[in-house]
Amino acid sequence: MIHWVHPALFFFIGAAILPFLNETKRKLVQLGVPLLSILPLYYASKGTHGVLNVMGQELIFGRVDNLSLVFAFIFSIIGFIGMVYGFHLKTVREHIAAFVYAGGAMGAVFAGDLFSLFLFWEIMSFSSVFIIWFGGYSRSAGAGFRYLLIHTFGGVMLLGGIIVHVVNTGDASFGAISPSGWAGGLMLFGFLVNAGGPPLHAWLPDAYPEGSVTGTIWLATFTTKVAVYTLVRGFPGAEVLIYVGLFMTLFGLGMTILENDIRRLLSYHIISQVGYMVTAVGIGSELALNGAVAHAINNILFKGLLMMGMGAVIYMTGKRKATELGGLGKVMPITAALYMIGGFSISGVPFFNGFISKGMIISSAAEAHRPITTLLLTLAASGTFLSTTLKLPFNVFVGRDKRLKVTDPPPNMIIGMSLAAIFCFMLGVQPHYLTDYLPFPDVEYHAFTMSHFVIQFQILLTALVVFLMFVEKLRPHETISLDTDWFYRKAGTFFMKFANGPISIWEEFIIVVYKKAIIAPTKWFIVLCQKFDTGVIDRIVNEIGRGVFGGSWFSNAFEKYVVYAFINVIGYLNHIAAHILKRLQTGSVHNYAMMIIIGIFILVNLYVLLGDQLIQFMVAVK
Amino acid sequence: MLSTLGEIFAKDQLGFSVLSFTIFIPLLVAVLLVFVNDEKQIKKFGLLATLTSFLLSTLLLIFFREGTPDMQFVERLDWIAPLGITYHVGVDGVSVLLVVLTTFLSVLTLLFSWKGIDHYFKEYVICLLVLETTVIGVFCALDLFLFFLLWEIMLLPMYFLIKTWGGARRNYASLKFVLYTLLGSVMMLVGFVILYLNHQSATGIYSFDLLDLFKVPLTSEKQIWVFTLLFFGFAFKVPMFPFHTWLPDAHVEAPTTGSVLLAGVLLKMGTYGFVRFSLPLLPEASTYFVPLMSILGVIGIIYGALLALAQNDIKKLIAYSSISHLGFVILGIFALNSEGIQGGIIQMINHGISTSGLFFIVGFLYNRRHTRDIKEYGGLAKQVPILAGFYLVISLSSLAFPGTNGFVGELLILIGAMKSNLYIAAPAFIGVLLAGAYLLWLYQRTMMGELNNPENKKLLDLDRIEIGICTALVVVILWMGIYPFPFLRMMDSSVTFITDRVAATQKMAESPKNDTLLIQSKINQSP
Amino acid sequence: MIPLSYYVTVSTMMFVIGLVGILIRKNFLIILFSIELMLNAANINLVAFSHHFGEVDGQVISLFIITVAAAEAAVGLAIIIVLFRRKATTNVDELNLMKW
Amino acid sequence: MVEISFFLYFAVLTILSSIMTIGFRSPIYCTLALLSTLLHVAGLFILLNAEFVAAIQMIVYAGAVLVLYLFVLMLLNLKTPEDFLHKQVWVALFFGVVILIEILIGLFKAPFFSKPPVAKSEELAALGNTAEIGLSLFNKYLLPFEIVGMILLGAVIGALVLAKKYREADA
Amino acid sequence: MESIESIRPFLAVLVSLVAAGLILKFDHHPNQREAISIGAGIIKFLIVISMAPAVLAGATFHYTLFTFVPGLEIAFKADPLGLFFATVASFLWIVTSCYSIGYMRTAKEIHQTRYYSCFAISVSSALAIAFSANLLTLFIFYEILSFATFPLVSHKGNQTAFEGAKKYMIYLFGTSKTFFLAALILTYNVAGTLDFAKGGLFNGQGSPMMLTVIYILFIAGIAKAGIMPFHAWLPAAMVAPTPVSALLHAVAVVKVGVFTVLRVIFHVFGVDLMASLNLGIPTAFFVSFTIIMASIYALTRDNLKARLAYSTISQLSYIILGAALLTPSSMTGSVMHIANHAFSKITLFFCAGSIYVATHKIKISELNGIGRKMPWTMTAFAIGTLSMIGVPPAAGFITKWYLAIGSIEANQLPILFVLLTSTVLNVAYFVPIVYKAFFHKPAELAADAEGNYGIHHDDIKEAPYFVVVPLVFTAVMSLLIGLFPSYFMALTQAVIQ
């Protein structure tokens with residue numbers, strides 16, 4: 001006997017073969033896969049299976065225990081229900097995404113170590129976003145994108161936490177983790193993002209209403225519940241979760257009362273319900289954990305039912321705002337009835353499953369001696385009744401008749417809803433089908449006590465009275481409920497502005513810097529250099545050259561006026577002397593005689609005066 | 001006389017005076033050409049002369065003995081014996097490549113001149129041949145007087161080349177060229193004479209012989225004086241900043257062959273002078289002047305490059321790029337280590353090849369379009385793909401693209417310079433960068449983009465001779481770029497000899513008991 | 001005894017007079033006279049020294065001089081006559097054939 | 001004292017007549033003054049014990065040469081010019097005086113100046129002896145004597161040739 | 001470590017050089033030409049892969065071509081890091097060659113011969129860089145690569161292409177010629193050698209100050225790695241034909257950049273020296289800035305290739321970040337990311353090219369609904385996207401995983417947050433493309449700036465097989481590497497040890 005076949009495999013294989021099948025076979029596969037996936041769950045033996053060694057890391061794909069099994073079961077079941085509900089659809093891709101999504105959720109639930117958990121976690125994120133996109137509303141794409149962003153953010157936080165954890169402890173197995181420190185903190189944050197925890201919860205009411213009618217079932221089921229599963233697994237008894245959970249519960253509730261969009265209202269409701277579970281995990285007692293798990297499972301069922309009901313309304317009418325709807329009870333009686341079953345379940349009306357699980361959580365809070373927590377949770381239960389079970393159906397199914405020409409939805413939808421309703425009721429009256437499979441089956445919890453009944457009825461009646469008193473006030477309004485998504489939408493816009501503004505400027509700046517700060521000054525400098533070269537250096541050279549030529553003028557002048565003048569003067573003197581001599585050449589003997597005499601006289605005198613020196617000179621010359 | 005001629009033949013290691021033949025064959029043919037008038041014959045003779053010279057010079061490469069710093073192929077002959085002037089030629093690792101470069105480029109220039117010279121063709125060839133003789137002689141001369149003599153004679157043909165076959169402002173340019181060089185060479189002569197007299201006073205023998213002068217020590221102060229004098233001689237020729245302004249003018253106005261020879265070999269004479277004379281003869285002064293020279297080199301690099309970026313005239317651009325490139329050579333030489341000097345020498349060769357190549361390219365364009373204005377061109381690659389291809393390779397070589405010869409030189413220079421002085425060498429990288437900028441920009445402006453100018457649409461691509469010229473250059477570029485080791489090995493021991501000489505004095509300067517203390521203190525004071 | 005110097009002084013003065021005479025006179029004859037004066041001055045000197053040293057040589061030479069003077073006179077006069085025949089004057093200044 | 005008186009007389013007149021020789025305007029007067037000069041010089045010769053020379057002086061100079069001059073003078077029949085002095089007269093006089101002074105200064109400095117004659121009186125007595133002169137002339141100075149003779153001959157012939165009146169055709 | 005003298009590294013380089021020559025020869029025979037291209041790619045890949053067993057066994061292949069200048073050789077060495085990169089590059093060349101055939105023929109590009117030959121030279125250079133045994137060889141081929149890719153970038157020959165190519169040149173040459181060359185020379189002067197060595201080549205020489213300067217010069221000089229502020233060339237170079245962008249700007253050029261950085265960090269400086277100089281962490285923070293900024297900027301780009309380009313800038317810094325953190329895990333992630341990013345990003349580029357070929361659309365805003373018409377392309381794109389984001393089990397996750405581990409090992413929590421933020425940003429800029437392609441209704445046709453109407457939505461068909469098959473193949477590969485990373489992981493381990 002095979003001990004272990006990973007149920008996610010069915011989904012993945014299904015997703016893989018789906019595109020290649022014709023319509024009949026495809027529908028068969030659609031229904032068959034979730035059913036088939038239940039089989040291995042039945043045969044699964046508890047323990048660790050499917051250990052894979054990748055890159056030196058042990059990946060545990062199959063840790064089978066009560067906690068994982070019970071989630072897996074419900075995933076299979078709701079998968080089947082969802083497939084039935086969406087049976088009529090001809091689209092393939094949505095189903096592929098749904099299968100991958102479901103497979104991811106399955107995988108995450110069975111993941112025994114943090115790596116494989118993260119692996120499936122991411123698969124979930126990336127497949128679920130397609131479901132939102134397949135919604136086909138104008139806002140789907142944007143909402144899906146935001147959804148994906150936030151989930152990626154949560155995912156990376158988780159990854160960060162995982163890494164820190166693994167590095168710090170050297171242990172990658174997924175068990176209880178201390179919520180303090182970076183590792184725990186980041187992982188907790190990552191889980192809470194998926195659980196719709198504040199302040200990043202806004203993805204939930206933002207994205208879920210934009211999914212397709214059928215797709216929303218899957219959405220409402222997997223992401224948050226896997227998150228609850230991981231919280232239960234990882235952070236049982238983390239004190240902080242109580243406060244987070246309470247906040248979620250009340251905040252979600254508050255928003256439901258204000259909300260007009262019917263699926264958005266339900267989405268807030270999911271937050272509120274998950275808040276219960278988170279609180280329970282925070283309380284951390286065995287009962288509380290049981291309650292959390294039970295409530296998660298119930299929630300999957302009744303929330304699926306509610307979503308299916310409203311989905312049917314939307315599917316038939318094409319309208320999604322409470323103000324536009326009304327009086328549908330006459331034309332869609334089955335839908336209305338089934339919806340009411342879901343409504344009763346969620347608000348904890350006895351004999352419906354919510355009664356059990358909510359009771360478990362509230363009593364665990366009481367047992368933990370947390371009166372305020374108990375009180376607030378109780379209050380929230382009445383609020384739930386008020387909004388989901390009374391206000392919304394009243395406005396949609398009763399209320400002012402808008403005379404919409406619709407009928408009940410196609411049978412497969414009815415069947416899907418019915419199946420869910422049956423489960424709700426069945427688990428409400430026979431809770432041990434559930435409680436036996438809870439992680440702590442030994443814990444005794446008796447839901448059907450008198451006090452529980454009484455308290456619950458009181459609460460519900462109070463809520464009913466309030467509703468009747470304020471029925472007019474609770475008429476739907478055209479509201480725009482502000483939520484934290486406003487912040488991150490604005491932040492997104494702002495961020496894009498930032499990206500388009502300063503960052504772009506920075507980027508342009510970098511590019512411009514090269515032009516302006518490097519190229520342009522270089523060009524400028526080059527021009528400067530050019531000027532320097534021609535204007536200064538070359539000019540100096542030319543000036544020197546000119547100076548040299550100026551010098552040549554000078555020397556020319558010198559030559560002309562000094563050197564030549566000297567020679568000329570000598571010439572002139574010579575000339576004059578020659579003239580004199582010529583004049584002396586009189587031919588007159590007298591004159592000659594005179595000259596001879598004077599000459600002799602001079603010579604003699606010279607001889608007399610210089611005779612000695614001359615003699616010495618002559619001697620020296622010799 | 002006959003016996004001394006016999007001496008020449010006996011001295012050479014090849015068995016015949018290969019250097020003298022290399023040097024004087026062009027001259028002889030030039031003389032012969034006086035009596036020839038047929039243009040074809042002139043071409044034939046000219047080509048024959050340069051080719052012969054080139055082939056002989058390749059013998060130098062083939063028979064060159066590596067691993068010794070000694071002069072090789074030495075020929076020595078008393079010339080003016082009473083004054084100690086000899087005809088003494090020889091090559092070592094520093095000069096042998098330059099000799100071959102000269103003969104090589106001469107062949108190419110002569111081939112280039114096949115057409116484009118429309119008047120005085122005979123005189124033109126004679127000028128080229130005489131120029132070749134003198135330049136080879138300068139690179140071979142081991143006698144300072146012979147060196148100086150050839151150095152001066154070289155001016156003549158160059159002057160005529162610019163003056164007769166030059167552009168519009170040829171008178172100005174040629175005069176500037178000659179005056180500049182003469183001014184420098186006069187100072188150089190004074191420096192030589194000081195060396196000469198020093199040798200005489202030390203040994204009692206008059207000698208201009210370089211190898212003799214090596215043996216005579218010179219006091220530090222004298223070295224500084226002589227260095228300064230020689231500096232002007234060489235720096236004007238290189239030209240170093242700020243003595244460069246003759247170069248753009250001369251290049252722009254000179255005919256293509258003039259530019260080629262001017263850039264290819266004449267400029268090397270300056271840097272060659274530094275390596276041949278300044279460093280080994282005046283090691284202390286060289287050390288002393290290292291900061292100044294390096295800074296001038298770096299300024300030259302950046303300044304030349306920046307100015308090249310500013311030019312609109314292709315030739316002027318390349319002329320300024322020469323200043324930049326020779327700045328590298330100076331930087332390398334005055335790193336005073338073997339990498340730097342080797343790089344400097346290799347860079348001389350590179351610059352000779354690549355810048356000549358660029359001038360050839362410009363010459364091709366000019367022969368076709370008769371303009372050198374960059375704006376007139378653009379998108380030519382489509383019209384003249386072969387030219388564009390060669391142009392690209394040569395440009396890359398010039399900008400020191402890895403795989404071309406330019407890179408080897410620049411790498412070695414920068415290694416040497418960085419080793420020598422990090423902070424001075426660092427700005428040189430800007431020069432490296434700018435070299436890429438101006439050359440590629442030039443290429444882009446001329447060759448790429450749209451072929452807008454209708455005149456350019458009639459351009460013809462290179463003909464067979466032109467392709468031959470370019471191919472020869474590109475082969476050398478790639479050979480030296482990819483496998484430069486043989487060239488480096490040739491000059492290795494000569495360079496080591498020089499660096500050893502310099503290093504020896506540096507060591508001496510470090511030891512305290514020496515008259516070089518003065519220098520040392522001066523160095524310390526210098527910023 | 002009359003000292004030698006007296007004679008020499010006389011001779012000198014006479015010589016200078018002859019010299020001056022040559023220079024200042026235009027007449028060829030007077031110039032010849034002046035020459036005679038100078039010769040005589042020389043004669044006086046010769047004879048005075050001859051007397052002074054007690055030797056007869058001076059006198060002998062003075063005789064020669066007288067003889068030569070006579071010859072000179074003869075030739076000179078001949079020239080004068082020729083000149084006069086040509087130029088009809090004895091004025092030396094007019095004999096300027098050497099002028100160039 | 002007599003001797004000095006005679007000397008003074010001869011000396012002074014020699015000088016004076018010399019000056020007159022060059023100073024008279026008329027050549028005739030000049031000739032006569034020259035005659036005077038020569039005669040007085042002869043007187044000086046006598047004072048110097050040179051009788052023979054004195055005799056010759058008178059005979060040859062005064063008798064022969066001067067007569068020759070006079071003849072020529074007559075022959076030429078010269079007119080007395082107005083400007084008998086040359087233009088350079090002052091220059092000549094200046095230099096004449098200077099030269100005279102210089103020579104005289106030189107003479108005064110000369111070693112023989114104002115020294116008594118070295119000759120003895122008997123030698124002096126013998127000086128005037130013609131025989132002595134003759135002996136000397138024909139022994140010691142024979143050659144000069146012959147030469148002088150030749151000179152005279154040459155002068156005579158020369159004078160003849162010069163003075164000969166050629167016909168116009170010969171000239 | 002065993003060292004084998006073998007010509008194989010050089011042969012691997014040579015093959016595509018020869019191919020380039022042959023391609024030029026077969027200028028007018030497109031079929032032969034492209035067959036040569038592919039054939040050379042296959043031979044090259046086989047040569048490369050033939051070295052793998054020995055290298056994995058701890059040996060290295062050496063081949064010294066010749067001495068370049070005294071003391072420096074042109075030498076090739078196939079060590080694990082080089083082989084890693086060589087495998088990626090040579091393998092993707094085959095794929096890209098096939099893709100090019102489809103792309104270039106369909107887009108009717110000009111100068112195809114030039115394109116193929118330059119392509120071959122580029123790949124050859126990339127391989128040479130991968131197998132360089134020393135910095136000098138690396139530098140030479142680095143420059144040749146820059147240059148050989150220039151004609152590819154400016155392939156279109158219009159003004160934009162030239163502008164882009166000019167910028168490309170200015171950046172790459174500018175930085176490499178100044179900083180890289182300076183760093184190389186300083187290294188040589190300090191260490192006396194340029195041969196890569198395990199644990200660095202400095203051997204204790206050089207002052208810390210000097211080494212730091214050298215390191216900074218290296219980082220600044222290797223602009224191919226696209227570290228801010230030296231990244232602007234990359235978007236500009238996207239004017240190239242898409243196969244060029246794909247191979248060169250997802251694999252060869254930019255990877256050469258980061259590969260060089262890794263070489264510098266691992267084999268020039270060595271991990272120990274890096275640690276002792278305290279250079280790693282500052283580098284990590286520096287590139288973190290790039291990661292974030294480039295991602296944010298990618299968000300604002302409407303041009304698909306520009307967005308991919310900025311994504312590349314961001315992703316490249318991952319690799320450097322990993323190396324800079326200097327822990328074993330981070331280095332593993334770093335080296336692995338070379339392959340991961342290569343396969344993923346090339347898929348994305350192929351898709352962009354496919355879209356262009358089929359529709360001539362380049363803007364993301366025009367891609368509405370295109371996924372329905374081109375399902376294969378856009379599915380591959382989605383897979384590539386997932387890998388880029390780092391969704392397990394796609395290849396990108398391995399990187400992210402190891403890098404994150406490394407950041408913790410290095411005690412750098414901020415780095416971890418950078419990685420995580422970057423992941424979110426990756427989603428933010430990639431996912432809209434996917435959902436637009438699949439879920440948005442096609443926009444009304446509007447005339448573009450030149451007055452041409454694009455292809456009507458209904459007329460859009462899937463690109464030709466030569467285009468689609470490679471991109472699907474690489475998409476699958478990027479998944480497979482994530483699932484079966486053993487080959488690359490083994491090489492990576494060999495690098496790290």
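The chains referred to below are lettered A, B, ... by the order of the sequence lines, with proteins before strands, and numbering in each begins at 1.
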Open item on the list: With ring-ring contact (aromatic ring centres under 6.0 Å, His included) as the rule and sequence neighbours excluded, what pairs involving residues 151-172 of chain A come up?
Closed with: A:Y147-A:H151, A:H151-A:W203, A:F153-A:F189
Task: Which portion of A:F118 sits near chain E, non-hydrogen atoms under 4.5 angstrom - done: both
Task: Interface residues of residues 420-428 of chain E facing chain A - non-hydrogen atoms under 4.5 Å apart - done: E:L420, E:T423, E:V424, E:L425, E:V427, E:A428
Open item on the list: Are more than 12 heavy atoms, taken from residues, nucleotides or ligands other than A:F525, located less than 6.0 Å from that residue's CZ atom?
Closed with: no
TODO: Among E:L403, E:L419, E:I408, find the residue that satisfies the side chain to side chain contact (heavy atoms under 4.5 Å, CB included) test when tested with A:I163.
DONE: E:I408
- [ ] Output the distance between atom CG (A:L148) and atom CZ (E:F430), rounded to the nearest 0.5 Å.
- [x] 13.0 Å
- [ ] Can you sort out the partners of A:L119 under side-chain contact (heavy atoms from CB on, under 4.5 Å), two or more places apart, ordered by chain and number?
- [x] A:F61, A:I123, E:P392, E:P393
Task: Sequence-distant partners of E:S288, side-chain contact (heavy atoms from CB on, under 4.5 Å), two or more places apart - done: E:L321, E:I415, E:V418
- [ ] Could you label the plane-to-plane angle of the E:W401 and A:F115 rings as parallel, tilted or perpendicular, counting under 30° as parallel and over 60° as perpendicular?
- [x] perpendicular
TODO: Below 4.5 Å from any heavy atom of chain A, which atoms of E:F484 appear? Answer side chain, backbone, both or neither.
DONE: neither
TODO: Give, as side chain, backbone, both or neither, the part of E:L386 having an atom under 4.5 angstrom from any heavy atom of chain A.
DONE: side chain
Open item on the list: Walk me through whether E:T385 and A:F126 qualify under side-chain contact (heavy atoms from CB on, under 4.5 Å).
Closed with: CA-CA 11 Å; E:T385 299; A:F126 281 88; over 6 Å; no
